[in-house]
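So the structure is just underneath, and the comments pick up after that.
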Amino acid sequence: MLIHLAAMMAHGFLGLALMQTTTVLAPDWHLGVHPGWASSPLDDQKLGAGITWAFGEIPPPS
């Protein structure tokens, strides 16, 4: 149970930190693998950060 709570806190912190950033992590990699029809790499990063933060906020089943 404690490991699960620690993982939830880590995911919540990581998600919030990534949602606040205005720069893309590993921009060279994103430019190499990002298809032209997809949204911008920063938008993708913020979406992933939001999903990460949301999973960090879901309480464990009891």
Counting only heavy atoms not in Ile3, do more than 12 sit closer than 6.0 Å to its CD1 atom? no

With the side chain counted from C-beta on, respond yes when Val24 and Asp44 share a heavy-atom pair under 4.5 Å apart, and no when they do not.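 Side chain of Val24 against side chain of Asp44, heavy atoms only: no contact under 4.5 Å found.
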
Could you check if a side-chain atom of Thr21 sits within less than 4.5 angstrom of a side-chain atom of Gln45, using non-hydrogen atoms only? yes

Quick check: closest heavy atoms across [X] and [Y], and the distance to 0.1 Å?
X: Ala49; Y: Met19; value: CB-CG, 3.4 Å
X: Lys46; Y: Gln20; value: NZ-C, 4.5 Å
X: Thr22; Y: Leu42; value: O-CD2, 3.9 Å

Output yes when a side-chain donor or acceptor of His34 lies under 3.5 Å from a complementary backbone atom of Ser39, and no otherwise. yes

Are Leu16 and Met9 joined in one hydrophobic group, where the rule is that I, L, V, M, F, W and Y side chains link up if heavy atoms are under 4.5 Å apart? no

Rounded to the nearest 0.5 Å, how far apart are OG1 of Thr52 and CZ of Phe13?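 The CZ atom of Phe13 is 13.5 Å from OG1 of Thr52, to the nearest 0.5 Å.
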
